[in-house]
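What follows is a short report on a single structure.
Naming: A, B, ... by sequence-line order, numbering from 1 per chain.
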Amino acid sequence: AQSVTQLGSHVSVSEGALVLLRCNYSSSVPPYLFWYVQYPNQGLQLLLKYTTGATLVKGINGFEAEFKKSETSFHLTKPSAHMSDAAEYFCAVSENTNAGKSTFGDGTTLTVKP
Amino acid sequence: NAGVMQNPRHLVRRRGQEARLRCSPMKGHSHVYWYRQLPEEGLKFMVYLQKENIIDESGMPKERFSAEFPKEGPSILRIQQVVRGDSAAYFCASSSGTGGDTQYFGPGTRLTVL
């Protein structure tokens with residue numbers, strides 16, 4: 001079984017400030033981990049993913065995330081927030097099996113203040 | 001290279017009617033996933049299909065919901081005798097494989113049941 005917990009349903013930062021969105025997962029096998037972004041009334045766009053190898057993963061739009069097995073975490077960060085980063089962010093886990101399905105967290109809404 | 005296509009984008013049905021949601025995966029993708037997103041919630045897995053086969057339907061309600069992915073044509077999510085609680089955004093994703101392969105999402109179909 002797999003699950004995802006996103007801590008904080010709403011996060012607000014000032015433009016230029018650090019963005020930190022938290023994600024903890026549980027998985028009975030080595031996980032594959034994903035971060036997606038969703039803009040209003042649109043589908044999900046992949047920001048980055050971790051499968052194997054380097055635990056620090058760089059994605060699009062300046063985002064990165066670090067897989068920490070000991071903490072079962074995959075937090076998303078960006079050094080400097082931009083107004084265009086305001087959106088909803090979803091963390092997801094997929095087990096390395098033939099099931100293929102992903103389990104999503106409930107999402108974190110990021111607000112960026114000018 | 002067209003992405004995942006879903007139609008219609010918006011669908012309005014009265015209680016008791018049938019809703020048919022269509023999903024055309026990305027070119028070359030043979031794996032399709034359906035997710036449902038209720039207001040203010042994350043995505044919940046419904047069903048995973050490959051061509052002509054249902055691989056995992058553990059997230060599908062036991063009644064009124066069905067899905068297919070025929071050899072030719074789009075994947076169809078069918079909801080019979082819709083109720084107000086079926087109002088949600090339904091997202092389709094496709095991938096070329098399993099596990100850590102990236103799932104590419106369509107724009108979603110927003111179903112409103114009056």
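- Residue B:Met60 places its CE atom among more than 12 non-hydrogen atoms of other residues, nucleotides or ligands, all under 6.0 Å distant.
- The hydrophobic cluster containing A:Tyr50 also contains A:Val37, counting ILVMFWY residues as joined when their side-chain heavy atoms lie under 4.5 angstrom apart, directly or transitively.
- Just one residue in the list B:Tyr48, B:Tyr33, B:Phe45, B:Tyr35 forms a side chain to side chain contact (heavy atoms under 4.5 Å, CB included) with A:Ser102, and that residue is B:Tyr35.
- Scanning all heavy atoms of the two residues, the minimum distance from B:Phe105 to A:Leu44 falls at CB-O, 3.5 Å.
- By the neighbour-count criterion of 12 heavy atoms within 6.0 Å, atom CZ of B:Arg110 is densely surrounded, having more than that number from other residues, nucleotides or ligands.
- Using a 4.5 Å cut-off on side-chain heavy atoms (C-beta onward), A:Gln38 and B:Phe91 make contact.
- Within the 4.5 angstrom heavy-atom criterion, only side-chain atoms of B:Gln37, from C-beta onward, approach chain A.
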List the atom pairs, donor and acceptor, that lie under 3.5 Å between side-chain atoms in residues 55-69 of chain A and the rest of the protein, sequence neighbours left out.
unit_1, atom_1, unit_2, atom_2, d
A:Lys58, NZ, A:Glu64, OE1, 2.8

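- Here the closest heavy-atom approach between residue A:Asn41 and residue B:Arg9 is recorded as O-NH2, 3.5 Å.
- By the side chain to side chain contact (heavy atoms under 4.5 Å, CB included) test, A:Ala86 pairs with A:Val112, sequence neighbours left out.
- Put simply, of A:Glu88, A:Gln45, A:Gln42, the one with the most heavy-atom pairs under 4.5 Å next to chain B is A:Gln42.
- Only the side chain of A:Tyr36 comes within less than 4.5 Å of a heavy atom in chain B; its backbone stays farther off.
- Donor-acceptor pairing under 3.5 Å is lacking for the side chains of A:Thr103 and B:Lys44.
- Surrounding CD of B:Gln80 are more than 12 heavy atoms belonging to other residues, nucleotides or ligands, all under 6.0 Å away.
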